[in-house]
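As structure tokens, the structure follows; a few thoughts come after it.
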Amino acid sequence: MVSFLIAYASWSGNTEEVAEIVEETLLTEGTDVEVHRIGLGPVPDMRRFDAMMIGSFTWDKGATPEEVKDFVADIGYKPKNVYVFGTGDTQFGGDALFCHAAVKLARFYESTYKPLKIEQSPRGIQEKKVIEWTKGVVQHWQHLHALKY
């Protein structure tokens, strides 16, 4: 069974909501999932997982929150198979800075799958966007690893 770590940072609850939808979707797709809220407890051992999904809000005009930076540093290396999701607000910096933390994380991890960007809360039409993105991640991972279920 494929195992995913979902690691996320959330202050307002928006990124946490996305992580919950991602978790539910991964479970329906038949994957093993562990969720870690960044900044609480020890950093999970990445060697236990086939892939990681990391979620972050964007802070202060496009910045990545310090706790996310610390988490990335605490891992100590760049694991393969990293997928990124983020929440943001276009009213702070417009489209150029919207979910910029997610864009930077995807670039840092050299993710081969486009990061998910959610405007504030994943409710309504955006919930469907999260579900479709997550199913796409599973298909992408399976394609990369030629797994058939």
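Just so you know, residue 1 is the first one in the sequence shown, and it goes up from there. Heavy-atom basis, side chains included; hydrogens, waters and symmetry copies ignored.
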Return the set of residues passing side-chain contact (heavy atoms from CB on, under 4.5 Å) with [X] (not counting sequence neighbours), or none when no residue passes.
{"X": "Asp70", "result": "none"}
{"X": "Arg107", "result": "Val103, Lys104"}
{"X": "Gln126", "result": "Ile118, Glu119"}
{"X": "Ile131", "result": "Ile21, Thr25, Glu127, Lys135"}

Taking side-chain hydrogen bond (donor to acceptor under 3.5 Å, both in side chains) as the definition, give me every residue that meets it alongside [X], ordered by chain and number, with sequence neighbours left out.
{"X": "His36", "answer": "none"}
{"X": "Thr112", "answer": "His140"}
{"X": "Thr87", "answer": "Thr15"}
{"X": "Asp74", "answer": "none"}

### Query
Lys114: what forms a salt bridge (charged side-chain N to carboxylate O under 4.0 Å, His left out) with it, not counting sequence neighbours?
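Residues passing salt bridge (charged side-chain N to carboxylate O under 4.0 Å, His left out) with Lys114: none at all.
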#### Entry: Other ILVMFWY residues reachable from Met52 by side-chain steps of under 4.5 Å
Leu5, Ile38, Val43, Met46, Phe49, Ile54, Val68, Phe71, Val72, Ile75, Tyr77, Val82, Val84, Leu105, Phe108, Tyr109
### Task
Just grab all the salt bridge (Lys or Arg N to Asp or Glu O under 4.0 Å) pairs involving residues 14-28, residues at least two apart or on different chains.
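Qualifying pairs, neighbours excluded: Glu16-Arg37, Glu17-Arg123.
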### Task
Please identify each residue that fulfils ring-ring contact (aromatic ring centres under 6.0 Å, His included) with Phe57, with sequence neighbours left out.
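With neighbours one apart ignored, the set is Trp11, Trp59.
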